[in-house]
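Below is one structure, written out as structure tokens, with a few remarks after it.
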Amino acid sequence: MRVAIVTESFPPDINGVAHCTLQTADHLHRRGHHPLVIAPAGPPGGPPPAAAGGPPESQGEMDRSHPYPVVRIPSLPLPGYPQVRVALPSRKLAAAITSHGSDVVHLASPFVLGARGMTAALRLRIPAVAVYQTDLGSYARTYLGAGENAAWRRIRAVHTAADRTLAPSTAAARDLDEHGVPRIRLWPRGVDTERFHPSRRDPELRRSLAPGGELIVGYIGRLAPEKNVELLAPLSELPGIQVVVVGDGPSEPALRAAMPTARFLGRRTGDDLARVFASLDVFAHTGPQETFCQTVQEAQASGVPVIAPAAGGPLDLIDHGRTGLLVPPGDTTEVTDAVSLLAADARLRAALGHAGREAVEGRTWEAIGDQLIDHYTEILAARTAVAA
């Protein structure tokens with residue numbers, strides 16, 4: 001099967017969309033399929049493609065650092081958030097899909113480049129799967145103070161045109177349904193249960209972060225307004241608690257000022273990230289706008305007890321009191337109380353961590369990737385039946 005994956009973000013970007021897209025393309029390649037990734041290009045002066053070659057120049061800048069073709073479309077930084085790149089209009093997208101001979105178009109969090117991918121799929125009469133991954137309506141409200149309805153109109157238009165929309169959680173599926181999006185199916189996210197594992201716990205790292213033996217409470221993710229990381233500020237002032245923040249983003253300067261005693265470790269990836277996860281005593285996620293929340297799964301796989309808002313994706317991932325703790329969104333007192341509860345009860349921490357690990361052990365990227373291939377197969381069969 002030849003699958004064109006049109007994504008709003010791809011590594012070296014570090015976010016949920018980029019990571020899921022990478023895992024999807026890698027899995028398709030391992031299973032003997034033929035993925036093509038089309039993504040925004042990075043900033044000028046960034047890392048060049050790994051090697052020359054690839055398809056004709058009309059298909060765009062070719063990134064040869066993966067075992068499958070990755071075409072980069074020229075882009076501009078999002079105003080106020082330069083880490084996010086927005087692809088410019090380009091005929092290279094349709095040219096790449098045509099040259100690839102795609103059987104299916106996979107739209108990862110479609111909004112700008114993905115909307116153009118949907119247009120190309122319609123014109124070329126190729127079935128499309130649209131994967132909903134980002135609550136763009138809430139982002140518009142957070143960053144612009146307006147535009148939520150306009151964002152949903154665009155989301156609805158793209159997803160309605162797709163043969164199938166895949167939602168990562170029941171909360172996301174409900175939001176899509178309430179906004180009139182048809183043909184919704186659930187497709188969650190996988191987790192690397194070998195990389196994220198309790199055995200990665202590192203006593204030396206723990207001593208460096210909390211030399212006085214403090215309870216280490218960590219947040220890992222983007223440092224942006226919608227993540228509400230400032231809710232951890234009261235924790236950073238409590239005796240016996242060491243707050244650790246991993247990630248970067250536009251809110252970092254304000255967060256450093258609000259939490260002068262917290263340890264900011266910057267961006268971490270790979271085994272280094274897994275080591276940090278497993279070395280925490282408590283993982284606290286604070287953002288209420290998650291359609292899934294991959295970091296909750298990674299903390300659970302690491303055997304670390306989790307605290308997260310009772311909203312969005314975490315509602316599917318956390319069985320309150322058994323695999324983690326859910327707190328009211330945006331309530332700093334509830335977050336502090338939940339941490340205090342876990343700080344006082346080592347047995348509860350161990351029980352939540354163990355149950356969380358058990359809950360995710362079957363959610364490998366291989367299993368989730370095979371589910372996705374089944375979705376492709378079903379929509380191809382449906383198209384064939386209609387054409388017959």
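Quick note: numbers below take in every heavy atom, side chains included, and nothing from hydrogens, waters or symmetry partners.
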Euclidean distance, Leu223 CG relative to Asp248 CG, rounded to 0.5 Å: 6.5 Å
Considering all heavy atoms, the nearest Thr160-Gly180 contact: OG1-O, 4.2 Å
Close side-chain approach of Arg275 to Asp271, heavy-atom, < 4.5 Å: no
Check: His375/Arg185 side-chain N/O donor and acceptor closer than 3.5 Å: no
Evaluation steps, side chain to side chain contact (heavy atoms under 4.5 Å, CB included), between Phe264 and Leu255: CA-CA 9 Å; Phe264 285 79; Leu255 291 171; 4.0 Å; yes
Side chain to side chain contact (heavy atoms under 4.5 Å, CB included) evaluation trace for Ile373 with His27: CA-CA 10 Å; Ile373 293 170; His27 181 76; 4.0 Å; yes
Glu334 side chain to Pro329 backbone, donor-acceptor under 3.5 Å: no
No-hydrogen, no-angle side-chain donor-acceptor test under 3.5 Å, Asp202 and Ser279: no
Residues Asp281, Arg201; criterion salt bridge (Lys or Arg N to Asp or Glu O under 4.0 Å); working and verdict: CA-CA 10 Å; Asp281 294 306; Arg201 193 170 178 88; 2.8 Å; yes
Pairing residues for Asn228 by the side-chain contact (heavy atoms from CB on, under 4.5 Å) criterion, not counting sequence neighbours: Glu230, Leu231, Thr286, Pro288
Same apolar cluster: Trp365 and Val360, side chain cutoff 4.5 Å: no
Single-linkage hydrophobic cluster, 4.5 Å side-chain cutoff, Leu232 and Val244 together: no
Spacing of CG belonging to Leu315 relative to OG1 belonging to Thr170, to within rounding of 0.5 Å: 7.0 Å
Whether Phe283 and Phe277 hold their rings parallel, tilted or perpendicular, with breakpoints at 30° and 60°: tilted
Heavy-atom side-chain contact between Val245 and Arg263 under 4.5 Å: no
Short N-O contact, Asp13 and Arg85, less than 4.0 angstrom: no
Atom pair CG (Asp319) and CG (Leu326), whose distance is rounded to the nearest 0.5 Å: 8.5 Å
Over all atoms of both residues, closest heavy-atom pair of Gln371 and Pro188: OE1-CD, 3.9 Å
Hydrophobic cluster identity match, Leu265 and Val229, side-chain contacts under 4.5 Å: no
Contact summary for Thr24 and His106, nearest pair of heavy atoms: CG2-CE1, 4.1 Å
Non-hydrogen side-chain atoms of Val306 and Leu352 separated by less than 4.5 Å: no
Distance (rounded to the nearest 0.5 Å) between Leu205 CG and Arg200 CZ: 13.0 Å
Salt bridge (charged side-chain N to carboxylate O under 4.0 Å, His left out) involving Asp26 - partner list, sequence neighbours excluded: none
Donor-acceptor pair, side chain of Ser302 and main chain of Val304, under 3.5 angstrom: no
Min side-chain heavy-atom separation Leu238-Pro234 under 4.5 Å: no
Euclidean distance, Arg349 CZ relative to Leu341 CG, rounded to 0.5 Å: 10.0 Å
Side-chain heavy-atom pair Ile5, Leu28 within 4.5 angstrom cut-off: yes
Arg363 side chain near Thr193 side chain, heavy-atom distance below 4.5 Å: no
Under 3.5 Å side-chain donor-acceptor pair for Asn15 and Ser9: yes
Pair Gln297, Gln294: side-chain N/O donor-acceptor within cut-off below 3.5 Å: yes
Considering all heavy atoms, the nearest Val37-Tyr68 contact: CG2-CE1, 3.9 Å
Check: Ser102 side chain, Arg2 main-chain N or O, donor-acceptor pair, under 3.5 Å: no
Check: His34 main-chain N/O paired with His100 side-chain donor or acceptor under 3.5 Å: yes
More than 12 heavy atoms from other groups under 6.0 Å of CD on Glu194: no
Glu8 side-chain N/O to Phe111 backbone N/O, donor-acceptor pair under 3.5 Å: yes
Residue pair Asp337 / Val327, side-chain heavy-atom distance below 4.5 Å: no
Main-chain N/O of Asp175 paired to His179 side chain as donor or acceptor, under 3.5 Å: yes
Salt bridge Glu290-Lys227, side-chain N to carboxylate O under 4.0 Å: yes
Validation row, ring centre His66 to ring centre Phe10 under 6.0 Å: yes
Single-linkage hydrophobic cluster, 4.5 Å side-chain cutoff, Ile241 and Leu325 together: yes
Over all atoms of both residues, closest heavy-atom pair of Pro168 and Thr291: CG-O, 3.4 Å
Whether Tyr132 and His159 hold their rings parallel, tilted or perpendicular, with breakpoints at 30° and 60°: perpendicular
Nearest heavy-atom neighbours spanning Asp163 and Pro127: OD1-CA, 3.3 Å
Side chains of Thr295 and Tyr219 in contact at under 4.5 Å (non-hydrogen atoms): no
Hydrophobic cluster membership, Val339 vs Leu280, 4.5 Å side-chain cutoff: no
Arg174 with Asp177: basic N within carboxylate O range, under 4.0 Å: no
Side chain to side chain contact (heavy atoms under 4.5 Å, CB included) evaluation trace for Arg31 with Glu366: CA-CA 9 Å; Arg31 287 288 191 259; Glu366 287 73 20; 4.2 Å; yes
Test side chain to side chain contact (heavy atoms under 4.5 Å, CB included) applied to Val6 and Arg116, step by step: CA-CA 9 Å; Val6 183; Arg116 298 180 194 126; over 6 Å; no
Side-chain donor/acceptor of Trp187 to backbone N/O of Thr165, under 3.5 Å: no
Donor-acceptor pair, side chain of Arg357 and main chain of Gln300, under 3.5 angstrom: no
Distance in Å, Ile220 CD1 paired with His285 NE2, rounded so as to fall on 0.5 Å steps: 11.5 Å
